[in-house]
Amino acid sequence: MAAATLAGCTPTVKVEAPDKPIVINLNVKIEQEVRVKVDRDVETLLQNNPDLF
């Protein structure tokens, strides 16, 4: 009796493939490259014009 009760409470795990394809967004890398380029430009601008601010 106890074995039948415990058998009814076992969890079921299903592994299924997603129905939509996995999308990897690479915009983060592009934004970081743009920020680095802008930061370098600002740094050189400040070095060339120390009295700018």
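On a predicted model such as this, the values are computed, not experimentally measured, just so you know.
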To the nearest 0.5 Å, atom CD of Glu43 lies from atom CG of Asn48 at 10.5 Å
Of Leu46, Asp39, Thr44, the one forming a side chain to side chain contact (heavy atoms under 4.5 Å, CB included) with Val42 is Leu46
Rounded to the nearest 0.5 Å, the CD1 atom of Ile22 sits from the NZ atom of Lys20 at a distance of 13.0 Å
